[in-house]
Amino acid sequence: MGSTAGTGGPDMTPQTPLTTTFGDTLRFYLNGTRVVLDDIDPEVTLLEYLRGIGLTGTKLGCGEGGCGACTVVVSQYNPTTKQIYHASVNACLAPLASIDGKHVITIEGIGNTKSPHPSQERVARANGSQCGFCTPGIVMSLYALLRNNPNPTQDDVEEAFDGNLCRCTGYRPILDAAQTFSVRKACGSAKANGGSGCCMENGDGAGEGCCMNKKASNDQPIKRFTPPGFIEYNPDTELIFPPSLKKHEFKPLSFGNKRKIWFRPTTLDQLIEIREAFPSSKIIGGSTETQIEIKFKALQYPVSVYVADIAELRQYSFTDDCLEVGGNVALTDLEYLALEGVEKYGKEGGQVFEAVNKQLKYFAGRQIRNVGTPAGNLVTASPISDLNPVFLASEAVLVSKGPGGDAEIPMSEFFKGYRKTAIGPSDVLASIRIPVTKKGEFFKAYKQAKRKDDDIAIVTSAMRVYLDEEGVVKSCNLAYGGMAPMTVSAKTAVQYLTGRKFAELETLEGTINALETDFNLPYGVPGGMASYRKTLAFSFFYRFYHDVLAELKQKEQSDAEAVEEIEREISTGSLDEEASIAYQQAVLGQSKNHVAALNQTTGEARYADDIPLLANELYGCYVLSTVAHARVLSIDYSSALEMPGVVTKVDVDDMPSKEMNQWGAPNFDEIFFADGEVFTVGQPIALIVATSASKAAEAARAVKIEYEELPAVFTIEEAIEEEAYFKWFRELKKGDTEEAFKNCDYTFTGVSRMGGQEHFYLETNACVAVPKLEDGEMEIFASTQNANETQAFASRVLGVPSNKINVRVKRLGGGFGGKETRSVQLSSILALAAQKTKRPVRCMLTREEDMVTSGQRHPFLGRWKVGVNKDGKLQALDMDIFCNGGWSFDLSTSVAERAITHSDGCYKIPNVHIRGRICKTNTMSNTAFRGFGGPQGLFMAECYMEEIADRLGMSSVKLREINMYEAGERTHFNQELQDWHVPLMYQQVQKQASFQGRQKQVEDWNKSHKWAKKGIAIIPTKFGISFTALFLNQAGALVHIYHDGSILVAHGGTEMGQGLHTKMSMVAAQCLGVPLEQVHITETATNTVANASATAASASSDLNGYAIANACEQLNERLKPYRDDLGPDATMKELAHRAYFDRVNLSAQGFYKTPEIGYDWNTNSGKMFFYFTQGVACAEVLVDTLTGGWTCTRADVLMDVGRSINPAIDYGQIQGAFVQGMGLFTMEESLWFGRGAGKMKGVLATRGPGAYKIPGFRDVPQIFNVSLLKGVEWTNLRTIQRSRGVGEPPLFMGSSVFFAIRDALKAARSEYGVAAKTVGCEGGEEWKEDEGLLRLDSPATTERIRLACKDPLVERARVTPAGGESNFFLSA
């Protein structure tokens, strides 16, 4: 055997001798090139290897296989299907040692900017890439689909990206690009597809059926037409599977070092021999769970055994009574085997296989299913497994093999406790026998999660009932996941059901009573959501019961509506491509692709961590606090500093002074390193510096810290009770609210609450600090929106002037405000470490580190009182606004101020008094996020509008129309509304979206449907554009014309996917009269443009655009004599050549400051914002009120962005912002472990994509139409092209989905007589006691949706806290 085995500690010493000879050479192909490695570190992942050899197109986004940024394709011979399969795989989870005998294909291997693959080209040209960080992974998922199926259906395409996330685009353009490869599934002229009607719908079929049923003349599928100018996709030109790999002999391998041994057996006998020698060895199939345990739980497995290449464990056989599958069959293969089982055994016999396929369809993403296995699923014994309840309910049998022989384990005896099973210590799970259902047997499976696709279950269930000819239950099993520490059978319910006549309603009632006994969850149950989980347990059985009755054709007793689950249609969308025709110029106003789009789709675009490794480079890793509030009694670095590879530590003692340890302009109340006290979990205490990232991380975990815990405050409500506020108070008064309340007809009060939101940019904070070793100079490559502040604070901590610090930003993999201030913490600390070690220091935060250190959108709570007259006219608003600032100020004051200024929505209220406070809590310091307080204020406004409409018994649409501002009127902060188009757009959207007709359809639907409810809402927005801090409204630019006519532009804004560099290049090209291709922007750097404001506030195009225009004006003036001389057709090369030889300066520095603005809070006077970007959105939803699941069936968005500089970029911003806003208001919920969680108290629970859910590809509106306002004049708009800022304003449009859900919930509640008391009804004056009024907090998660219903199932499931009991989770 290889020399590595049998060395090391006790766990690495074999208990019995190994007779197998193991090789130690890894052979595989990479992008068509043969690779042979004989020095294998078993701890290295495929991603680390690829990036280490310079293939940086594959990105690290989360490290847990949840975002897809690291997707590569691994081609291999599949022993299950006996075919070559091209598997999309998460490189962050795949061990390098697992790829022997396989062909790894990365984004670099399929094409480049000079010769792109059709998938790369189409995603780029369809504007499917914004920040670009996620794009290579998305392209590789599409590539994998095409390699396995060159003629995918529309469904195949839509489902291909379930393991990928994108935070920028809103997914629509990516799907549009991908669908160009699909085979048409239905007639393209069908009305459902936006056509005028197919031949069948129009009666033109002439009895021959739809034209789509006719095959093409060559009997090939009818493919979508390749768009003109696009590269035709030809599967024959793809990289072949290397012929030598077809002959590759899989031999047993072993690799190792002092810490770990890796075995790769190729037969079951070899595996059993290894298990006998190393009983505690870790068996690895797909490594999907193991890598997470190693990376995030710091678990160590000295001996690992990789079993995916054992062909015996990947076989299957169909018999008369079961399907037996090898334990290591990939879940993707099991997915298709299940479909084969349904076809083989028929509808009656294949029910279990139908359930397996259904559960797998929504289990994780394709990348995980390609490597995950049923044996791994079973042995990890997750209590929320999707598959295990199916195996338990179907009474599957597990076959184990080991040194002691074979054993058969019934599923009913397999789970022994939390993460404990009956499998022997040296045994392996070899196969699973999944039974065929018998006549009279009924089987179904269910799952509910926060998000439909690629999400772990909240509750999952599989149910089986076997009825005799009389309809009596002979046997049954109701298996649940998510209701106990392990997958369990509802024993009381099963006992009750057995022997009873199934079709009697008493059986339903009695079973639910029994389920209540089985699952009597306490309020503080681990995992939280006690009421919701109980409700789901009841709802699943209710659905199953009526599903069975429907199959028994017991229509009278059956509640047929309860059976159907929500299924999405193929999503589509439209853009108004003619919106800018009226004002298009040679360059400006044209739809242009993002200038770096093809760089991003080919993986050539470089980000901070893609910078090639430098000589003597070191890596940093934070030591973070683990307690929310405590005194630090002692810190012991000794163990960490003694570890191999550790160079030093950096902490508060390395700061030049206590003053220099402070940061966080303008208040400087935050500190880089904790100094005797910590105020939040995740506060930096030190930085460990080592020769590798893994060594730094291991050493950081070895630092021992002793704390003395202090009282902590976590939520807004706790802060109000404790009066824990920052020393800041702001109020805004207009008119006389007290007098208005006395004179108005009605006064309503309410409370509105809105949770925070994680930025979840795909690229976490990253930085490389490079000391120059001369005059204290330092170069900092940072992923930041704020190069100026990065420079300023590095200067402070290093004790050198700013002119010796050069901050360089090529691009960001997303920012959304999260890298405006919070990135400064990492860059400053790394700069200090680089100065101390005199060596470059690099760090890219893990997703977990980023989420606990970088802050979120501020949670808000508003207590409001509104006066209104009988005609619906608003008279007065009195409001207290509280925002959770976290433990330091950061930008909370400006966020709260913007919330105050936007809390009027689009409505005129003559008398206003608003007070704002910032709560000081022991959570991470919250910060800027797209919208910056605007969405929170707007949300409060729409909440009180909805509730007032309910109280008045008036349509909320009418109430909005009655109170909408008119042009020329003044806001509550006394700003005149100019170029005001919201009333016009409100009418246009109603017309374009057929709102009134659809509203009637929604009402009719809800009258005839008990459980599936529809809702529709139309919401306006206005968003003020300008920094509220006056001094930030300035920008500089530098424009060079080289004597070959090429133009280099530098400006102070950073490119983070919003297309700023594209727009700025267009401005320069238009001003100088050259083609766009002649202009280039290299990067943002502090040595080219000094003192730049952060790229934020949706003002960067305005500010930097005018600065560039100013520089170009100077250059044009200098070039005017040459234009006059050479004529209007002279090229820039000719002009520059002449000017150069005449010694004319061809460089110009431009500057711009926003005019007119300047607001005084004390006098409520002056101009707060330069202008308002406006919009209106209409959304319709379908809600499954049995589970809380929902889908947005349609969204129509109309935005007034003025005269768009680039409609393609603006449409991308609108689509992305809408989906991000939809996530904010519906599914993105930040939770902390509560006071009952012991040592985890105050720790952020929703860390990473596994627990924190942003919208995915299958969450976008099924019909998504976006248009820009046209046909109006913008007479007062004084910006470049008369355009409006577009980055932030559309985000609030996503709230239309929230209010559509609220509309659907009102219908669901009224089904049970629960509705708001109106002013005209009895008891209508009892506002505070009215439980019929729906007050829905944001986000409207599936849990909140279900618990807002008032049906008997949810009412009997509600769990109330016992004395002193608290929820397992907290919402800050």
Side-chain angles (χ1 to χ4, degrees), residues 347-348 351-352 354-355 358-359 389-390 393-394 437 439-448 459-468 470-480 490 493-494 496-516 518-519 532 534-567 1005-1014 1182-1190 1307-1308 1311-1312 1342 1345-1346 1349-1357:
K347 182 174 176 58
E348 184 177 81
Q351 293 178 71
V352 177
E354 189 175 348
K358 176 186 175 185
Q359 296 298 81
V390 176
S394 65
T437 42
K439 183 178 181 180
E441 205 166 14
F442 301 89
F443 194 97
K444 298 290 178 183
Y446 307 98
K447 171 185 174 178
Q448 185 58 48
V459 175
T460 181
S461 178
M463 302 184 183
R464 179 186 64 83
V465 63
Y466 180 31
L467 308 180
D468 65 14
E470 302 298 320
V472 174
V473 179
K474 294 178 68 174
S475 67
C476 65
N477 200 329
L478 310 180
Y480 283 90
V494 167
Y496 175 85
L497 258 178
T498 307
R500 295 187 181 274
K501 191 151 183 153
F502 188 80
E504 294 178 351
L505 288 179
E506 291 83 355
T507 302
L508 171 64
E509 182 68 21
T511 305
I512 291 178
N513 286 337
L515 285 170
E516 197 163 4
D518 283 315
F519 303 124
Y532 185 40
K534 276 186 70 175
T535 303
L536 288 174
F538 299 168
S539 295
F540 285 164
F541 180 75
Y542 185 89
R543 175 159 276 160
F544 173 71
Y545 179 83
H546 289 289
D547 204 342
V548 173
L549 289 188
E551 293 196 27
L552 291 171
K553 296 183 169 51
Q554 301 274 353
K555 292 185 179 180
E556 293 184 4
Q557 297 104 309
S558 170
D559 184 350
E561 280 184 44
V563 176
E564 292 299 320
E565 299 182 56
I566 291 176
E567 290 294 337
W1005 169 281
N1006 289 336
K1007 288 176 184 175
S1008 59
H1009 290 76
K1010 179 180 177 183
W1011 296 106
K1013 295 294 185 182
K1014 291 185 176 181
L1182 176 63
V1183 178
D1184 178 358
T1185 61
L1186 258 181
T1187 62
W1190 60 275
E1311 191 89 28
Y1312 299 93
T1342 54
I1345 290 170
R1346 185 64 185 98
C1349 298
K1350 291 288 186 176
D1351 58 272
L1353 289 175
V1354 71
E1355 290 303 308
R1356 71 193 299 175

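Annotation: side-chain contact (heavy atoms from CB on, under 4.5 Å) contacts of Glu567 (sequence neighbours excluded): Lys361, Tyr362. Every residue two or more places apart in sequence or in another chain was checked for a ring-ring contact (aromatic ring centres under 6.0 Å, His included) with Phe541, and none qualifies. Applying the side-chain hydrogen bond (donor to acceptor under 3.5 Å, both in side chains) test to Lys1350 and every residue at least two apart in sequence or in another chain returns nothing. Glu354 meets the side-chain contact (heavy atoms from CB on, under 4.5 Å) test with Val342; sequence neighbours excluded. Partners of Tyr532 under the side-chain hydrogen bond (donor to acceptor under 3.5 Å, both in side chains) rule, at least two apart in sequence or in another chain, are Thr1342. For Tyr496, the side-chain contact (heavy atoms from CB on, under 4.5 Å) partners at least two apart in sequence or on another chain are Arg500, Thr511, Ala514.
The distance from atom CD1 of Ile512 to atom CG of Asp518, rounded to the nearest 0.5 Å, is 12.5 Å. Rounding to the nearest 0.5 Å gives a distance of 10.5 Å between OG1 of Thr460 and OH of Tyr480. To the nearest 0.5 Å, the span separating CD on Glu564 from CZ on Arg543 amounts to 8.5 Å.
The neighbour count for Glu516 CD, taken as heavy atoms of other residues, nucleotides or ligands under 6.0 Å away, is above 12.
Residues Gly1188 and Ile1345 approach most closely at O-CD1, 3.6 Å, considering heavy atoms. Of all non-hydrogen atoms in Phe538 and Leu1353, the two that sit nearest each other are CD1-O, 3.7 Å.
Judged by distance alone, the side chain of Arg464 and the main-chain N or O of Ala393 form a donor-acceptor pair under 3.5 Å. Thr507 places a side-chain N or O within donor-acceptor distance of the main-chain N or O of Lys501, the cut-off being under 3.5 Å.
Among the candidates Thr1185, Thr535, Leu1186, Leu536, the single residue satisfying the side-chain contact (heavy atoms from CB on, under 4.5 Å) test with Val1354 is Thr535. Under the salt bridge (Lys or Arg N to Asp or Glu O under 4.0 Å) test applied with Asp1351, the options Arg1356, Lys1013, Arg1346 reduce to a single match, Arg1346.
A heavy-atom distance below 4.5 Å is not found between the side chains of Tyr446 and Val459. With contacts defined as side-chain heavy-atom distances shorter than 4.5 Å, the pair Leu467/Val473 qualifies.
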Task: Pair Glu565-Lys444, salt bridge (Lys or Arg N to Asp or Glu O under 4.0 Å): steps then yes or no - done: CA-CA 12 Å; Glu565 299 182 56; Lys444 298 290 178 183; over 6 Å; no

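A salt bridge is absent between Glu348 and Lys439: the closest approach of a Lys/Arg side-chain nitrogen to an acidic carboxylate oxygen does not fall below 4.0 angstrom.
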